[in-house]
Amino acid sequence: MTGPAQAHGTARITASVYTSHVPAIGAALDLGKSHEPYWQKVFAGYEFSKEWLKASAPDVIFLVYNDHANAFSLDMIPTFAIGTAAEFAIADEGWGPRPVPKVIGHPELAAHIAQSVIQDDFDLTIVNKMDVDHGLTVPLSLMCGQVDAWPCPVIPFAVNVVQYPVPSGRRCYDLGRAIRKAVHSYDQPLKVQIWGTGGLSHQLQGPRAGLINAEFDNAFLDRLIADPAAQAAVPHIDYVREAGSEGIEMVMWLIARGAMDDGAPKVSHRFYHVPASNTAVGHLILENV
Ligand code: DHB
Ligand code: FE
């Protein structure tokens with residue numbers, strides 16, 4: 001491997017993965033329904049990805065996701081929360097925790113990223129105990145399948161996209177750049193992947209429930225790949241108007257994209273499918289070259 005980070009024996013971000021997190025996908029796996037034709041069309045988009053993840057063998061996954069009032073409630077609403085614990089239990093979202101492995105953290109790298117990013121003026125909340133919900137476990141299941149243990153430690157990074165005010169796309173993109181700098185200054189030669197999750201278009205409530213906007217979603221994917229700074233300038237209200245109230249989850253993808261090297265990434269995989277439950281499923285793998 002080459003590159004300035006490796007030359008100094010520091011950690012580096014090798015790739016970013018982006019995926020929706022629809023809870024019914026987790027239920028389809030957990031309840032043995034993944035071979036049904038409806039779900040096959042979704043899982044087909046991840047066959048390549050599962051092999052790719054095994055081959056790319058990350059040492060740590062920095063997983064950007066949103067909690068859905070499971071770890072956090074209206075009692076306390078951190079905008080950005082970094083999980084610094086040694087392990088994270090699977091949340092009970094009302095019908096028992098998903099039967100998936102617990103999440104092993106990476107306290108040392110998480111603490112280093114917190115130190116660096118906070119000194120770069122992003123006010124993270126440090127979370128030493130946190131259960132992780134479908135926002136984190138469904139992306140892991142999609143990328144790993146049904147496994148006895150997740151392939152590597154995972155640093156959960158929760159973003160508030162549930163209770164307004166939510167962070168802007170620009171803030172998320174800039175935070176991604178600060179996370180890149182933090183990882184590149186960690187004094188261990190770790191291969192780190194950053195995952196951006198949630199979205200794409202969906203609205204779960206109100207008169208527009210069921211809204212999906214494939215045109216907006218695909219333009220988002222195009223611009224996320226080719227011109228992320230322009231996508232970062234899109235105000236949050238545009239996501240809500242065009243992609244539905246829960247479409248705002250898409251801003252989290254900009255954190256992962258901001259953590260990638262400047263310059264065009266390699267697009268290793270792109271998948272789009274509608275619908276899964278109420279949601280448009282989007283999925284990308286971008287690699288630093
Ligand atoms: C659905 C999608 C979500 O992002 C979520 O958090 C809950 C439900 C859905 O499509 O059903
Ligand atoms: Fe969600």
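Just so it is clear, the structure is predicted and the values come from calculations on it, not from any experiment. All ligand and atom numbering here is 1-based and tracks the order in the structure.
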Of the backbone and side-chain N, O or S atoms of His202, does one lie nearer to the Fe ion (ligand 2) than 2.8 Å? no
Is the backbone of Phe72 close enough, under 3.5 Å, to the side chain of Asp67 for a donor and an acceptor to pair up by distance? yes
Salt bridge check, Arg12 against Asp59: does any charged N sit closer than 4.0 Å to a carboxylate O? no
Do the side chains of Arg241 and Asp238 get close enough for a salt bridge, i.e. N-O under 4.0 angstrom? yes
What's the atom name of the N, O or S in Glu249 nearest to the Fe ion (ligand 2)? OE2
Of the backbone atoms (N, CA, C, O) and the side-chain heavy atoms from C-beta on, which set of Glu246 has a member under 4.0 Å from an atom of ligand 1: side chain, backbone, both, or neither? neither
Hey, which atoms in ligand 1 end up nearer than 4.0 Å to a heavy atom of Asn278? 9 (C), 10 (O), 11 (O)
Students often mix this up, so state it plainly: with edges at 30° and 60°, are the rings of Trp39 and Phe43 parallel, tilted or perpendicular? tilted
Does the pair Asp262/Arg180 count as a salt bridge with the N-to-O cut at 4.0 Å? yes
For the Fe ion (ligand 2), does an N/O/S atom of His68 lie at less than 2.8 Å? yes
Are Ala24 and ligand 1 in contact, using a heavy-atom cut-off of under 4.0 Å? no
Do Arg171 and Thr79 have a side chain donor and acceptor closer than 3.5 Å? no
So which protein heavy atom does atom 11 (O) of ligand 1 come closest to, and at what separation? Ser277 OG, 2.6 Å
Please verify whether a non-hydrogen atom of His21 lies at under 4.0 Å from ligand 1. yes
How far is atom 10 (O) of ligand 1 from its nearest protein heavy atom, and which residue and atom is that? Thr279 OG1, 2.5 Å
If the cut-off is 4.0 Å to any non-hydrogen atom of His202, which atoms of ligand 1 fall inside it? 2 (C), 3 (C), 4 (O)
Which word best sums up how the rings of His202 and His21 line up, parallel for under 30°, tilted for 30 to 60°, or perpendicular for over 60°? perpendicular
Stepwise, does the side chain to side chain donor-acceptor pair (under 3.5 Å) test hold for Thr14 with Asn288? CA-CA 6 Å; Thr14 52; Asn288 279 330; over 6 Å; no
Atom 1 (C) of ligand 1 sits nearest the protein heavy atom Pro23 CD, 3.6 Å
